[in-house]
Amino acid sequence: MAAAAAVDVVVLKHNYFDIIKKIESTGRLKERVLMKKAFTLLELVFVIVVIGILAAVILPRVKTNPVAEAAVHLLSQIRYTQHLAIIDDKFTQNNTWYKDRWQIVLNGNRFSIVSDNNTRFAKDPQTDTNISSVVLKGVTSVTTSGGCANQSIISFDHLGRPLVGSLAATTAAYTVPGNNGALLTVDCNLTLANGSDENVTITIRPETGYASIEP
């Protein structure tokens, strides 16, 4: 009996120590898990450095470009001029009715949208003010080339087809290419510049009058 009791005591002590070891190992494991959930100072510094590099690369690309914004503005006004020409057919019994077509007039870094032989200005749909001598902000000049080289006036007929040159100087509804009031036959390029190396080009296609910004 005494021997059996002694064996039981030894077994209990052995089990007790095993339990204590398991508890201690479990506690260390929890400590390790808790430590894993936290950032070390080195990891935090590394994250900050990576964010700084990404900001230095991305921010310059999202910076606004005033020339590009002005090009978008002018492009919308060219399309608006074409729209007015399509919905407002100027044909009448007047022999010089073609001089009343809607046209966009470029002057340096300004533009106007007029019709009726330069006596009627288009209205801005948002402000209801005349679109007259509007400044293209961030732009110093607009240069024409291609099918509208050296021309500052682009008009549209009732089909939306672009014509180039001054309508006031025309003597017929349609003239031969090279004269004022002739239908556009080659892509017309409008290049907006700000005096530096930032240039944006708008292209107007013949026949359809489709206009877009060149990539």
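Atoms considered below: every heavy atom in the structure, side chains included; atoms not considered: hydrogens, waters and symmetry mates.
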Indicate yes or no: at least one non-hydrogen side-chain atom of [X] is less than 4.5 angstrom from one of [Y].
{"X": "K123", "Y": "N130", "result": "yes"}
{"X": "D116", "Y": "K90", "result": "yes"}
{"X": "T140", "Y": "N109", "result": "no"}
{"X": "F156", "Y": "I86", "result": "no"}
{"X": "I78", "Y": "I154", "result": "no"}
{"X": "I131", "Y": "F111", "result": "yes"}

Exercise answer: donor-acceptor pairs, residues 66-76 side-chain atoms, under 3.5 Å, sequence neighbours excluded:
unit_1: S76; atom_1: OG; unit_2: H73; atom_2: O; d: 2.6

*Please check if any side-chain donor atom of S196 sits under 3.5 Å from a side-chain acceptor atom of N194, or the reverse.*
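The criterion, which ignores hydrogens and geometry beyond distance, is satisfied for N194 and S196.
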
Indicate yes or no for a side-chain donor-acceptor contact from [X] to the backbone of [Y] under 3.5 Å, with no hydrogens or angles considered.
{"X": "R101", "Y": "A173", "result": "yes"}
{"X": "Q82", "Y": "P162", "result": "no"}
{"X": "T144", "Y": "N150", "result": "yes"}
{"X": "D124", "Y": "T129", "result": "no"}

*More than 12 non-hydrogen atoms from neighbouring residues, nucleotides or ligands closer than 6.0 Å to CG on N95, yes or no?*
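No, the 6.0 Å shell around CG holds no more than 12 heavy atoms from other groups.
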
*asked:* If you count every heavy atom of other residues, nucleotides or ligands that lies below 6.0 Å from F46 atom CZ, does the total exceed 12?
replied: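 It does not: F46 CZ has 12 such atoms or fewer within range.
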
*Between CG on residue N118 and CD1 on residue I153, distance to nearest 0.5 Å*: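 Answer for the CG-CD1 pair, N118 versus I153, is 6.5 Å.
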
Name each donor-acceptor pair under 3.5 Å that joins a side chain in residues 178-193 to protein atoms two or more places apart or in another chain, with its distance.
unit_1: N180; atom_1: OD1; unit_2: S166; atom_2: N; d: 3.2
unit_1: N189; atom_1: OD1; unit_2: T203; atom_2: OG1; d: 3.0
unit_1: T191; atom_1: OG1; unit_2: T201; atom_2: OG1; d: 3.3

*Could you pull out the closest heavy-atom pair between Y80 and A122, with the gap in Å?*
CE2-CB, 4.3 Å

